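Right, one structure below, let's go through it.
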Amino acid sequence: MQEQTVSTPSVPSQTRIDVPFLDLKGQYVQIKDEVNAAIQKVLDSCAFVLGPSVKEFEENYAKFCGVKHCVAVDTGTSALHLALLAAGVGPGDEVITAANTFIATCEAISYCGATPVLVDADASSYTLDPSLLEAAITQKTKAIVPVHLYGRPADMDAINAVARAHKLAVIEDACQAHGATYKGKRTGSLGLAGCFSFYPGKNLGAYGEGGAIVTNDDAVAEDMRRRRDHGSMQKYHHDVIGYNYRLEGIQGAVLNVKLKHLPKWNELRQAHANRYRELLADANLVLPPNDDDAQSVYHLYVVQVDDRSRFQEDMREEGVGTLIHYPIPVHKQKAYADLTWPSFPVTERLAGRIVSLPMFPELTDAQIKHVANVARHSVDL
Ligand SMILES: Cc1ncc(COP(=O)(O)O)c(C=O)c1O
């Protein structure tokens, strides 16, 4: 039998360019002088923990998110933990969150002594499906934690409507969505509190660990501020048993420098996403959702493919880095094997098909074209 001819172009070897999944160094060299000077200032002042650089960052980040308060902490996981505690979540409570998320969202619920209750993803947005919320609510439900996964805001109007009807707190997990907007409002400003991670690879990344919670609620802000520093607002006076979740001064300084660049970096990510969309428009893969109400900042550019192992192998052979976010859903993890879970068909299907393509502001057009070319070649064969 004659072999079928394929119309997709092969990848010409002279076009090979290496495209890492992420290039933190490419960004650092651009801002090296600014960052080094800001770090030097902290070193000179010896304000290593919290201090003026962290305070300044808190003020700037609250403004950026369009809220009254920002409480900087050491990680995104701590941010979620403190926000849930401030919302009154405790032992015996249930907290509803997305089945399609990173495990830290559930860990923070577990730290409070509460039980995570998962809701499946919407097949087109990949975020929590609000139509499944009512069925997940019980007498024990205290809060809902929507996750703005991959940088795309969850369907907040629908989620907030259910939360209001049942008097539940909404804590946004915005750890992947710095600067994303939902109907013109920034993530973090859409519920009782919004939690961010500044892990180095995030859209706004520290040079070490970092996190923050933003809120418009004065009492919630004060509660979180107290708990992040051993339950203390005044040195050696401890009102509650708190935590050591303080952000370091050097991270505050780095974040202050990087925050100024964030809008431009997010715009570049959005432009790259548009370019991928153009170049892959008729290829045999599922592209990320693209809608005006929930504007993604593309922390990750996640596509669906039928044969992921082959796709990743093809990409690797042509010098393109890919990752999977996430290959094993939380309810399939050993860590949560003691809880009984229903199945989450959308999340489970996605876990077997998704793959993240290179996405960072410094990507060049030649690199994007190369990624798209290799991707097309793999999926259209
Ligand atoms: C959705 C989500 N939630 C929470 C976290 C936890 O953040 P951190 O690693 O800073 O604790 C992450 C980090 O990757 C995340 O992606």
Side-chain angles (χ1 to χ4, degrees), residues 54-87 95 97-98 101-102 104-105 108 127-128 143-160 163 168-199 202-206 210-225 228 245 247 251-252 255-256 258-260 262-263 265-266 269-270 293-300:
V54 170
K55 191 165 184 291
E56 190 186 334
F57 173 69
E58 289 179 332
E59 285 163 13
N60 291 336
Y61 200 60
K63 237 181 258 161
F64 175 81
C65 293
V67 296
K68 273 168 82 176
H69 307 281
C70 169
V71 179
V73 291
D74 59 345
T75 66
T77 311
S78 303
L80 286 160
H81 184 196
L82 292 191
L84 288 164
L85 289 175
V95 175
T97 191
T101 188
F102 181 58
T105 321
T127 57
L128 186 155
I144 304 174
V145 183
V147 183
H148 306 312
L149 202 69
Y150 310 147
R152 183 197 188 278
D155 186 356
M156 291 306 292
D157 277 357
I159 293 165
N160 279 331
L168 304 174
V170 173
I171 306 293
E172 300 169 69
D173 181 339
C175 286
Q176 299 189 3
H178 318 71
T181 52
Y182 178 80
K183 298 188 176 171
K185 289 178 79 182
R186 286 250 157 88
T187 49
S189 68
L190 305 160
L192 177 64
C195 305
F196 293 88
S197 163
F198 303 127
Y199 190 71
K202 295 291 196 289
N203 290 33
L204 180 60
I213 316 106
V214 297
T215 183
N216 277 315
D217 188 305
D218 299 345
V220 163
E222 190 178 309
D223 186 79
M224 297 187 300
R225 211 171 276 288
R228 82 163 166 194
Y245 284 170
L247 184 69
Q251 304 310 335
L255 290 165
N256 262 321
K258 292 182 82 177
L259 181 57
K260 284 187 252 161
L262 182 63
W265 287 336
N266 279 344
R269 286 174 182 269
Q270 287 166 336
D293 279 350
Q295 290 202 355
S296 180
V297 285
Y298 295 98
H299 170 55
L300 297 167

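What you see is a predicted model, and the numbers here were worked out from it, not measured in a lab. Residue numbers count from 1 along this sequence.
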Item to complete: Check the pair L262 / F64 against side chain to side chain contact (heavy atoms under 4.5 Å, CB included), numbers first and verdict last.
Response: CA-CA 10 Å; L262 182 63; F64 175 81; 3.5 Å; yes
Between the main-chain N or O of [Y] and the side-chain N or O of [X], is there a donor-acceptor pair closer than 3.5 Å?
| X | Y | result |
| --- | --- | --- |
| N160 | L190 | yes |
| K258 | G205 | yes |
| Q270 | S296 | yes |
| R269 | Y298 | yes |

Only counting residues at least two apart or in another chain, list the ones meeting salt bridge (Lys or Arg N to Asp or Glu O under 4.0 Å) with [X].
| X | value |
| --- | --- |
| R225 | E58 |
| K185 | none |
| K63 | none |
| E222 | R226 |

For [X], what residues pass the side chain to side chain donor-acceptor pair (under 3.5 Å) criterion, not counting sequence neighbours?
| X | result |
| --- | --- |
| N203 | N266, H299 |
| Y245 | H81 |
| Y61 | none |

side-chain contact (heavy atoms from CB on, under 4.5 Å) involving [X] - partner list, sequence neighbours excluded:
| X | value |
| --- | --- |
| A212 | C70, F198 |
| A180 | P153, A177, T187, V297 |
| K68 | N216, D218 |
| K55 | E59 |

Work out which heavy atom in [X] is nearest to a heavy atom in [Y]; give both atom names and the distance.
| X | Y | answer |
| --- | --- | --- |
| A87 | A169 | CB-CB, 3.9 Å |
| L82 | M224 | CD1-O, 3.6 Å |
| G252 | V54 | CA-CG2, 4.1 Å |
| G188 | V214 | O-CG2, 3.3 Å |

- Message: Can you pull out every side-chain hydrogen bond (donor to acceptor under 3.5 Å, both in side chains) where at least one residue sits in residues 145-159? Sequence neighbours excluded, please.
- Response: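 Listed once each, the pairs are H148-E172, R152-D291, D155-Y182, D157-K183.
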Check: Considering only heavy atoms from C-beta outward, does the side chain of L128 approach that of V147 to under 4.5 Å?
Finding: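 The answer is no; the side chains never approach within 4.5 Å.
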Note to self: If you define the side chain from C-beta out and look only at heavy atoms, does anything of V145 sit under 4.5 Å from T101?
What the structure shows: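 When only atoms from C-beta onward are counted, T101 and V145 do not touch, as no gap falls below 4.5 Å.
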(Q) Given T97, which partner from the list L80, D173, T105 fulfils the side-chain contact (heavy atoms from CB on, under 4.5 Å) test? (A)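 For T97, the side-chain contact (heavy atoms from CB on, under 4.5 Å) test succeeds with only one of L80, D173, T105, which is T105.
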task = Show your working on side chain to side chain contact (heavy atoms under 4.5 Å, CB included) between L192 and I171 and close with a plain yes or no.
result = CA-CA 6 Å; L192 177 64; I171 306 293; 4.3 Å; yes
Interatomic spacing from [atom1] in [X] to [atom2] in [Y] - rounded to 0.5 Å:
| X | Y | atom1 | atom2 | result |
| --- | --- | --- | --- | --- |
| I213 | H69 | CD1 | NE2 | 12.5 Å |
| F196 | K202 | CZ | NZ | 12.0 Å |
| L300 | L149 | CG | CG | 7.5 Å |
| L168 | I159 | CG | CD1 | 12.0 Å |

Item to complete: Evaluate the side chain to side chain contact (heavy atoms under 4.5 Å, CB included) criterion for residues V170 and M156: first the C-alpha distance (whole Å), next the side-chain angles of each, then the deciding distance (0.1 Å), finally the verdict.
Response: CA-CA 10 Å; V170 173; M156 291 306 292; 3.9 Å; yes
